[in-house]
Amino acid sequence: MSSLFLRTLREDPADAEVPSHRLLVRAGYVRRVAPGIYSWLPLGLRVLRRIEEIVREEMDAIGAQEIHLPALLPREPYEATGRWTEYGPNIFRFKDRKGADYLLGPTHEELFALLVKGEYASYKDYPVMLYQIQTKYRDEARPRAGILRGREFLMKDSYSFDLDDEGLAESYRRHRDAYVRIFDRAGLQYVIVAAMSGAMGGSASEEFLAVAETGEDTYVRSAGGYAANVEAVTTPAPPARSVEGLPAAQAHHTPNTPTIDSLVDFLNAAGLGRTFTAQDTLKNVLLKTRVPGQPEWTLLGVGLPGDREVDMKRLEAALDPAEVALLDEADFAKHPFLVKGYIGPASLAANGVRYLVDPRVVTGTAWVSGADKPDHHVVDLVAGRDFTPDGTIEAAEVRAGDPAPDGSGPLETARGIEIGHVFQLGRKYTDAFGVDALGPDSKPIRITMGSYGIGVSRLVAAIAEQSFDGDGLVWPRSVAPFDVHLVIAGKSEEIVGGAEDLAAALDAVGVRVLVDDRKASPGVKFADAELIGVPTIVIVGRGMADGRIEVKDRRSGEREEIPLVGAVEHLAGLVRG
RNA sequence: CGGGGUGUAGCGCAGCUUGGUAGCGCACUCGCUUUGGGAGCGAGGGGCCGCCGGUUCAAAUCCGGUCACCCCGACCA
């Protein structure tokens, strides 16, 4: 360690909030270069490489073949699939000296599809699975949490190419199984949840989330086994009812009730002979959407029960890839038929505004909604009789206690870090490029794709988020930068010489050992050993007088004294589990 | 892009209210002592006080502007 390029920090860096960021910087694994851009120092790089190796082994094991594409890419392929515009400001783009457009690859579906199109032409060539471990670039709106969300990051992305849907399902299953093995080997606690496919397009999709309070993703699960990212949760719709015999809609003067709370209070004080709750109201939220790259916005009305807020993440996922924004004052001014606080379905329909409702708003349900003029609401406005929405949308917030869509019980919510994503992409990209194989009947077969990602550099942080204590990091053996951290606690020839011999002997049997031979006080060495988080700490010191050394388990804190004779075998046994 | 905050030595911070030419801890260098839980003493090196402009005899400090970064909300591995 006296020559290891390492400097630990006694204090937390001021800009680090989450544990992984704090500790990876303090323990000398990474250093920040610019927002969302980090350098990997020797310790960090060793962890990163070990994770890469696990990923490689498991990908190779399912028959995927590793290749390496450039990160610097021309515009054309991304133009062909529309992602040059769809990705919007999230791509790093620039021009070369001749003025041609380039980008730094945010993901590589296009290039893989083109590569396969160029090489393969017969049904006999398929199926094939290819992957790479590559640096990706995304100009994130807000990089955060150290290497958890960077603008440059390392990702394993793989793609499967199959002749039919059954083949795709099989490739998907193999990837999913490989991911389970990878994350198990990495020592992670994680959940697999149903997901939205996002900007990549496609259908069947699941995410692997590392369980962590600091995670950016919220997911839900039920005791009965349902699990999904909140963005992908579907709301169970009650059965439609008959509108026969329901009371007629009535407009009421409801002064000063621009909010749901004020409306409910007013109604309950109005002597209508029943009690109202926020759930009985239909809140209409006005948004504007636009296709990426297009200048003009389109109005969109979303109706949902008044006790629910709009979850912008869910809304955006539902409308993807379109952009969405709430209306501002200027927008309201432009459209006088929108009476803020009193918007009802009627004026939306009359003015041709697309109107989507929460799935709970089914035919035959009665609501209190705006009457499209100030200080007025309509009571007993019945869906399917008094208004007809253009469709449903998953935009309402999901709450703990809501029923799971598959009837498996109430949902609970938790947070996680997205570490992997598998999905059946389908033919979006092969259609764009015309990737066909000639079939046995000499007719072309359109290839179908799967796309599978693992955030390799993010995994380092995700593991750290789950593996630390008050003293520092605590790596799982499978990814630790070293197997054994050997502290030389003393300066006598017996101690120093004994420690060096032990280190050499361990090295000879393949145990990777980090020797702290610095001229520092024992306290400093112990503290650094705990901060760095190698799973086994060996202390060679005063015990050497009796021919004994101390072995400490970083995770449990348990120490044992063992004889130096036979220590190599003992430690090698520990390391190999 | 909206809201909050911060820019002073490699890192963490004080100084600013009340202008007088920069300080503390860690880290670093040298010497002596010390060596099982972040050692002691002594001597050192290192700072366009984010940047531009203004006020003033004098600006880290006051005023205006600007840039950067961090944190909280909308994207994704």
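So you know, we letter chains A, B, ... as the sequences are listed, proteins then strands, and number each from 1.
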Check whether the side chains of [X] and [Y] place a donor and an acceptor atom closer than 3.5 Å, and report yes or no.
| X | Y | value |
| --- | --- | --- |
| A:His21 | A:Glu465 | no |
| A:Tyr137 | A:Asn90 | no |
| A:Tyr172 | A:Glu206 | yes |

Exercise for review: Ignoring hydrogens and angles, tell me if any N or O in the side chain of A:Gln189 forms a donor-acceptor pair with the backbone of A:Val211 under 3.5 Å.
Suggested key: no
Exercise for review: Spell out, as yes or no, whether a donor-acceptor pair under 3.5 Å connects the side chain of A:Arg75 to the backbone of A:Leu103.
Suggested key: no
Could you state the atom-to-atom distance from [atom1] of [X] to [atom2] of [N] in whole Å?
| X | N | atom1 | atom2 | answer |
| --- | --- | --- | --- | --- |
| A:Glu309 | B:A74 | CD | P | 13 Å |
| A:Leu148 | B:C71 | CG | P | 11 Å |
| A:Arg31 | B:C69 | CZ | P | 20 Å |
| A:Phe423 | B:C76 | CZ | C1' | 11 Å |
| A:Glu11 | B:A14 | CD | P | 12 Å |

If the [atom1] atom of [N] is compared with that of [M], how far apart are they to the nearest Å?
| N | M | atom1 | answer |
| --- | --- | --- | --- |
| B:G47 | B:G40 | C1' | 28 Å |
| B:G7 | B:C62 | P | 12 Å |
| B:A14 | B:C26 | C1' | 15 Å |
| B:A59 | B:C51 | P | 15 Å |
| B:U6 | B:C16 | P | 15 Å |
| B:G19 | B:C24 | C1' | 22 Å |
| B:A9 | B:G15 | C1' | 15 Å |

Candidates [options] - which lies nearest the side chain of [X]:
| X | options | value |
| --- | --- | --- |
| A:Arg10 | B:G37, B:C76, B:C26 | B:C26 |
| A:Met312 | B:G38, B:A74, B:A77 | B:A74 |
| A:Arg149 | B:A74, B:G37, B:A77 | B:A77 |
| A:Ala14 | B:G36, B:G25, B:C13 | B:C13 |
| A:Glu418 | B:A77, B:G38, B:G12 | B:A77 |
| A:Arg142 | B:A77, B:G73, B:G12 | B:G73 |
| A:Glu17 | B:C71, B:A77, B:U35 | B:C71 |
| A:Arg26 | B:G36, B:A77, B:G38 | B:G38 |

For [X], which contact category applies under a 4.0 Å heavy-atom criterion: base, sugar-phosphate, or nothing?
| X | value |
| --- | --- |
| A:Gly453 | nothing |
| A:Ala527 | base |
| A:Gly36 | nothing |

Review point. Do A:Phe153 and the base of B:A77 stack face to face, with centres under 5.5 Å apart and an angle between planes under 30°?
Key: yes
Using purine N1 to pyrimidine N3 plus N6-O4 or O6-N4 for Watson-Crick, or N1-O2 and O6-N3 for G-U wobble, both under 3.5 Å, which nucleotide pairs with [N]?
| N | answer |
| --- | --- |
| B:G19 | none |
| B:G10 | B:C26 |
| B:U66 | B:G50 |
| B:C41 | B:G31 |
| B:G2 | B:C72 |

Report yes or no: is there a donor-acceptor pair, N or O only, under 3.5 Å between the side chain of [X] and the base of [N]?
| X | N | value |
| --- | --- | --- |
| A:Arg518 | B:G38 | no |
| A:Arg7 | B:C11 | no |
| A:Glu530 | B:G37 | yes |
| A:Asp12 | B:G12 | no |
| A:Arg559 | B:G37 | yes |

Study note, to complete from the structure: From the list A:Arg554, A:Lys552, A:Arg26, salt bridge (Lys or Arg N to Asp or Glu O under 4.0 Å) with A:Glu530 holds only for A:Lys552
Check your understanding: Of A:Arg50, A:Lys156, A:Arg185, which meets salt bridge (Lys or Arg N to Asp or Glu O under 4.0 Å) against A:Glu57?
Key -> A:Arg185
Review point. For B:A39, does either OP1 or OP2 sit under 4.0 Å from a side-chain N or O belonging to A:Ser521?
Key: yes
Point to revise | Side-chain N,O (A:Arg144) to OP1/OP2 (B:C70) below 4.0 Å | key: no
Exercise for review: Determine, for A:Phe92 and A:Arg138, whether the Lys NZ or Arg CZ falls below 6.0 Å from the six-membered ring centre while staying within 45 degrees of the axis.
Suggested key: no
Exercise for review: Let me know, please, whether A:Glu550 or A:Gly150 comes out on the 5' side of the other along RNA chain B by nearest nucleotide.
Suggested key: A:Glu550
